[in-house]
**Student:** 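The structure under discussion is supplied below as structure tokens; questions concerning it will follow.
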2 protein chains.
Amino acid sequence: MSTETPAAGAASGARSLAHPAREDIRLAQVLHALADPMRLRIVCALAAADGELNCADIELPVSKSTCTHHFRVLRENGVITQFYRGTAKMNGLRRDDLDALFPGLIDAVLRAAGLQARHLGEH
Amino acid sequence: MSTETPAAGAASGARSLAHPAREDIRLAQVLHALADPMRLRIVCALAAADGELNCADIELPVSKSTCTHHFRVLRENGVITQFYRGTAKMNGLRRDDLDALFPGLIDAVLRAAGLQARHLGEH
DNA sequence: CTCATTGTACGAGAACCATCGTAGTTTGAC
DNA sequence: GTCAAACTACGATGGTTCTCGTACAATGAG
């Protein structure tokens, strides 16, 4: 339907993605975004990579559409940035913004995730 | 269903409430418990009081049954302890357990909540 | 152009959650 | 015993989330 949707992407080619501004990031929403095992895994992988990661580089035991869903939740709640590079969509943690807003929070969550993974892994 | 006081309920009269053991507390569940504005408020109030607080001492803009619900979510996910004293139900943050499991997490969340409240409050 | 890669959109279904009101239970005080 | 206070249990409702499959769109390579 509709007329071919030239859409808001006035720019040439590059598909653009909406991100909340730093001042629009809310603690409860960040916590909600992190409160899911899949998304916690994504965030840990992103933090470990310390840079850009392709969506497909993070292996998750869910379908592709579910994957898209989780990445979107993280982006819309201000936890990650996403941008296109060719056919790939790259992801990065918004460390600067999160550290500025909630000092120490992301570090604590990452450390906690690591500790819990170790505890549950070893016996 | 009908758990019927599985644990220490042997004592006379005192209604007992089920709490997860320290090693059963999961990061994702704690984050989920904290990822709600009402519950964040409860936790902040509890931390500020630094002791036991009556359920009714924490004013929330929701009905009493909803209040019960939120307190239960916090308790069942290991964030708070609850016990009866007369007709009142007292609440306390499980700081020891949480700090042992996830060092710095609760502090970071509390500080973040305070910062955000200040930012949103002032103009 | 054609093709493979990569990710999205759109339903859809099941499960979960926040909220409420009403009725009931437990306790301490009178 | 009676009563008020404090909280719970239950059922309902409306919203959100997680998951999926299938069909589609954008890009770069051949």
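So you know, we letter chains A, B, ... as the sequences are listed, proteins then strands, and number each from 1. Note that the coordinates shown come from a computational prediction; the quantities given were computed from them, not determined experimentally.
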**Student:** What's the CZ-P distance between R85(B) and dA29(C), to the nearest Å?
**Tutor:**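 So the CZ-P distance, R85(B) to dA29(C), works out to 13 Å.
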**Student:** Tell me who clusters with V73(A), hydrophobic residues only, linked when side chains sit under 4.5 Å apart either directly or through other members.
**Tutor:**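 Via sub-4.5 Å side-chain contacts, V73(A) links to none.
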**Student:** Where the side chain of E52(B) meets the backbone of M90(B), is there a donor-acceptor pair that is under 3.5 Å apart?
**Tutor:**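 Not a single qualifying donor-acceptor pair exists.
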**Student:** Closer than 4.0 Å, any side-chain N/O of N54(A) to the OP1 or OP2 of dT5(C)?
**Tutor:**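 No.
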**Student:** Please, which pairs that meet salt bridge (charged side-chain N to carboxylate O under 4.0 Å, His left out) have at least one residue in residues 34-46 of chain B, sequence neighbours excluded?
**Tutor:**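 Sorted pair list comes back empty.
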**Student:** Sequence neighbours excluded, which residues qualify as side-chain hydrogen bond (donor to acceptor under 3.5 Å, both in side chains) partners of R22(B)?
**Tutor:**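 Counting only residues at least two positions away or on another chain, R22(B) forms a side-chain hydrogen bond (donor to acceptor under 3.5 Å, both in side chains) with D97(B).
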**Student:** Please report the distance, rounded to the nearest Å, between CG in N77(A) and P in dC18(D).
**Tutor:**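 Distance, rounded to whole Å: 10 Å.
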**Student:** Starting from P on dT27(C), measure out to CG on L17(B) and report it in whole angstrom.
**Tutor:**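 Answer to the nearest Å: 12 Å.
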**Student:** Starting at CD1 of I42(A) and ending at P of dC18(D), how long is that distance when rounded to a whole Å?
**Tutor:**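 Result: 11 Å.
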**Student:** Applying side-chain hydrogen bond (donor to acceptor under 3.5 Å, both in side chains), can you list everything that pairs with R26(A), at least two apart in sequence or on another chain?
**Tutor:**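 Applying side-chain hydrogen bond (donor to acceptor under 3.5 Å, both in side chains) to R26(A) gives none.
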**Student:** How long is the line joining CD of Q82(A) and P of dA26(D), in whole Å?
**Tutor:**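 Spelled out: CD on Q82(A) to P on dA26(D) is 18 Å.
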**Student:** Quick one: which residue pairs count as a salt bridge (charged side-chain N to carboxylate O under 4.0 Å, His left out) with a foot in residues 55-79 of chain A, not counting sequence neighbours?
**Tutor:**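 Matches after skipping sequence neighbours: none remain.
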**Student:** Nucleotide by nucleotide, 5' to 3', does protein get under 4.0 Å of the base (B), only the sugar-phosphate (S), or neither (-) in nucleotides 9-22 of chain C, counting heavy atoms?
**Tutor:** B-------SBBBBB
**Student:** Between atom CZ in F71(A) and atom P in dT6(C), what is the gap in whole Å?
**Tutor:**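 Distance, rounded to whole Å: 14 Å.
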**Student:** Grab the CG-P distance between L60(A) and dC18(D) for me, whole Å please.
**Tutor:**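 That distance rounds to 13 Å.
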**Student:** Nearest whole angstrom, please: distance from the C1' of dT27(D) to the CZ of F83(A).
**Tutor:**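 Going from F83(A) (CZ) to dT27(D) (C1'), I get 15 Å.
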